[in-house]
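See structure below.
Numbers here simply count residues along the sequence, with the first being 1.
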Amino acid sequence: MAKPVSIEVWNPNGKYRVVSTKPMPGTRWINLLVQQDCRVEICTEKKTILSVEDIIALIGNKCDGVIGQLTEDWGETLFSALSKAGGKAFSNMAVGYNNVDVEAANKYGVAVGNTPGVLTETTAELAASLSLAASRRIVEADGFMRAGLYDGWLPHLFVGNLLKGQTVGVIGAGRIGSAYARMMIEGFKMNLIYYDLYQATRLEKFVTAYGQFLKASGEQPVTWKRASSMDEVLQVADVISLHPILDKTTYHLINKERLSKMKKEAILINCSRGPVVDEEALVEHLKHNPMFRVGLDVFEDEPYMKPGLADMKNAIVVPHIASASKWTREGMATLAALNVVGKIKGYPTWSNPNAVEPFLDESASPPPACPSIVNAKALGLPVSKL
């Protein structure tokens, strides 16, 4: 028998039992569930990552839905347990769902929700922050000061790279990649080269218009180019940010061979998925190229780093905080809760999961719909006409 886990309960007499495997930011998500007659149980166990056994204990004998986290292994075992408890709704508090076996969810008739539409700008901002921090060696300099090593200005002390007029490369110019590109172009007047299977027409129009504005103002206009291959981006760009999806075609997309194609003083940023980068190859590249710098928010074997990475002064590493702005995290919690309660109530799915503003407007009631159900089609769920 699974060991009981500690919980916090809201609305104990609620008709529907909804479990959250972690406390989540804000209280709106709790209030929305309570308003729909849900008993809300929040796991308060002092463990960063819950085991499958822990979550089975949380689900218990009767559970209508679960809000989970991307660190959890949602496969056959958990969906079977949820189904046996009468549950038909699960939502990740994340846009990604690599931790979820969607086929297993389909088998047990469980809707799988995610939370797109609220992470674009905040993820792009972190990628831009890492780009700036790496180019100006801010983390190295901060550590130097805290260690009491600064004894006066020197001409060569922490000399980094100027971004203005350089070329930013984007691999994967979807919503986040394009938002990052706009920040770097408008903020630092960088030129753009990007690679994507699909043409980023809106991004191209933005860069063209901004270039015309700069020219009319007497400044050097920015330019853009859609590369014919990813390798072209690696060879040309001074700063490269990765924004692909993770699948079998993008696993170790950045490997030893591709790292060797990049400039010796290039900057590589990854706020997408850890396994996109061969971390062992990256460590070796950093060792042999001290002016090559990297900013990482995600890791191949999260939460662990490959041996040697933490010792690299030319690496900036942060603990998967791309979505960690207050507005975004509270919005993710709200969307996850509405996915679960929407399925419990029999609501249809929202027609555009990236247009979620109506669900986040705190001055009005959210629409009667599930914001984003990734297996809606497989389960034959109706689509909202709102």
Using the test salt bridge (charged side-chain N to carboxylate O under 4.0 Å, His left out), find all partners of K215 that sit at least two apart in sequence or belong to another chain. none
For Y150 and F144, take the angle between the two ring planes, folded into 0 to 90°, and tell me which bin it lands in: parallel under 30, tilted 30 to 60, perpendicular over 60. perpendicular
Within one Ile-Leu-Val-Met-Phe-Trp-Tyr cluster: I373 and F90, side-chain cutoff 4.5 Å: no
Could you tell me whether the side chains of S229 and D231 share a donor-acceptor contact shorter than 3.5 Å? no
Does D37 come within less than 4.0 Å of R39, counting only side-chain N to carboxylate O? no
What closest approach, in Å, do A336 and M93 show between heavy atoms, and which atom pair accounts for it? CB-CA, 4.2 Å
Determine, step by step, whether T328 and S323 satisfy the side chain to side chain donor-acceptor pair (under 3.5 Å) criterion, reporting the C-alpha distance in whole Å, the side-chain angles of both residues, the deciding distance to 0.1 Å, and the verdict. CA-CA 6 Å; T328 294; S323 65; over 6 Å; no
Please determine, by modelled atom types, if N92 and N114 share a side-chain donor-acceptor pair under 3.5 angstrom. no
Assess whether side chain to side chain contact (heavy atoms under 4.5 Å, CB included) is satisfied between L286 and L309, documenting all intermediate values. CA-CA 9 Å; L286 290 167; L309 181 59; 4.0 Å; yes
Can you tell me how far apart NE2 (H288) and NZ (K264) are? Round to the nearest 0.5 Å. 10.0 Å
I'd like to check I267 versus I240 (side-chain heavy atoms, cut-off strictly below 4.5 Å). Are they in contact? no
When clusters are formed by joining ILVMFWY residues with side-chain heavy atoms under 4.5 Å apart, either directly or through shared neighbours, do V233 and M184 land in the same one? no
Close side-chain approach of F79 to K84, heavy-atom, < 4.5 Å: no
Just verifying a value: how many Å separate S135 OG and N161 CG, rounded to the nearest 0.5 Å? 6.5 Å
Please evaluate residues L253 and I171 with respect to the criterion side chain to side chain contact (heavy atoms under 4.5 Å, CB included), reporting the C-alpha separation (whole Å), side-chain torsions for both, the decisive distance (0.1 Å), and the verdict. CA-CA 10 Å; L253 192 69; I171 295 173; 4.2 Å; yes
Show the numbers, then the answer: is there a salt bridge (charged side-chain N to carboxylate O under 4.0 Å, His left out) between R17 and E41? CA-CA 8 Å; R17 181 171 178 261; E41 296 185 12; 2.9 Å; yes
Tell me if a side-chain donor or acceptor on N375 pairs with a main-chain N or O of V102 at a distance below 3.5 Å. no
Surrounding OH of Y97 (heavy atoms of other residues, nucleotides or ligands, distance under 6.0 Å), is the total greater than 12? no
Can any side-chain N or O of S217 pair as donor or acceptor with the backbone N or O of E219 at less than 3.5 Å? no
Is any side-chain heavy atom of V18 less than 4.5 Å from a side-chain heavy atom of V66? no
Begin with the C-alpha distance, continue with both residues' side-chain angles, and end with the deciding distance and a verdict on salt bridge (charged side-chain N to carboxylate O under 4.0 Å, His left out) for R293 and E265. CA-CA 7 Å; R293 294 190 283 281; E265 295 189 5; 6.0 Å; no
Between the side chains of T44 and E8, is a donor N or O closer than 3.5 angstrom to an acceptor N or O? no
Expected output: side-chain K22 to main-chain Q69 donor-acceptor under 3.5 Å: no
Closest non-hydrogen atom pair, A124 against Y180: CB-N, 3.5 Å
So V276 and L246, do their side chains get closer than 4.5 Å, heavy atoms only? yes
Side chain of D301, backbone of Y304: donor and acceptor closer than 3.5 Å? no
Tell me, with the steps shown, if D54 and K47 meet salt bridge (charged side-chain N to carboxylate O under 4.0 Å, His left out). CA-CA 10 Å; D54 292 331; K47 294 174 71 173; 2.6 Å; yes
Show the nearest heavy-atom pair for residues G65 and I344, with the distance to one decimal. N-CD1, 4.3 Å
Backbone N or O of M291 within a donor-acceptor pair of the N289 side chain at under 3.5 Å? no
Rounded to the nearest 0.5 Å, how far does OG1 of T77 lie from CG of D101? 10.0 Å
Drop me the distance from L268's CG to N270's CG, to the nearest 0.5 angstrom. 7.0 Å
Does the distance from a Lys or Arg side-chain N to an Asp or Glu carboxylate O, for E280 and K256, drop under 4.0 Å? no
Judged by atom type as modelled, is there a donor-acceptor pair below 3.5 Å linking the side chain of K88 to the main-chain atoms of Y108? yes
Sidechain-backbone polar pair: N339 side chain, S91 backbone, donor-acceptor under 3.5 Å: no
Backbone of A173 reached by a side-chain donor or acceptor of D196 within 3.5 Å: yes
Specify the closest pair of heavy atoms between I138 and L132, including all atoms of both residues, with the distance to one decimal. CD1-O, 4.2 Å
With heavy-atom distances below 4.5 Å as the criterion, would you say the side chains of I42 and I30 are in contact? yes
Checking H285 now: which residues fulfil ring pair (Phe, Tyr, Trp, His ring centres under 6.0 Å) with it, not counting sequence neighbours? F292
Could you give me the CA-CA distance, side-chain angles and deciding distance for R182 and E121, then say whether side chain to side chain contact (heavy atoms under 4.5 Å, CB included) is met? CA-CA 11 Å; R182 292 195 303 269; E121 299 298 328; 3.8 Å; yes
Do F359 and W350 have ring centres separated by under 6.0 Å? yes
If you compare all heavy atoms of H243 against all heavy atoms of V170, which two are closest, and at what distance to 0.1 Å? CD2-CG1, 4.2 Å
Side chains of W224 and I185 in contact at under 4.5 Å (non-hydrogen atoms): no
Would you check if L259 and I254 make a side-chain contact, meaning some heavy-atom pair closer than 4.5 Å? yes
Exam field: side chain E45 to backbone S6, donor-acceptor pair closer than 3.5 Å: yes
Does R136 CZ have over 12 foreign heavy atoms under 6.0 Å away? no
Should D238 and K263 count as side-chain neighbours, where that means a heavy-atom distance under 4.5 Å? yes
Backbone of H252 reached by a side-chain donor or acceptor of D278 within 3.5 Å: no
Take Y16 and K345, measure what side chain to side chain contact (heavy atoms under 4.5 Å, CB included) needs, and give me the verdict at the end. CA-CA 10 Å; Y16 308 104; K345 289 286 189 174; 3.9 Å; yes
As a test of understanding, state which of R175, M332, R329 forms a side chain to side chain contact (heavy atoms under 4.5 Å, CB included) with L119. M332
Other residues, nucleotides, ligands: >12 heavy atoms within 6.0 Å of N61 CG: no
Taking all heavy atoms of V52 and all of D73, pick out the closest pair and write down the distance. CG2-O, 4.0 Å
Would you call K225 and E204 a salt bridge, using N to O less than 4.0 angstrom? no
Kindly compute the distance separating OH (Y210) from CG (L214), expressed to the nearest 0.5 Å. 4.5 Å
Given salt bridge (charged side-chain N to carboxylate O under 4.0 Å, His left out), test E330 with K326 step by step and report yes or no. CA-CA 6 Å; E330 290 185 0; K326 184 176 183 291; 3.0 Å; yes
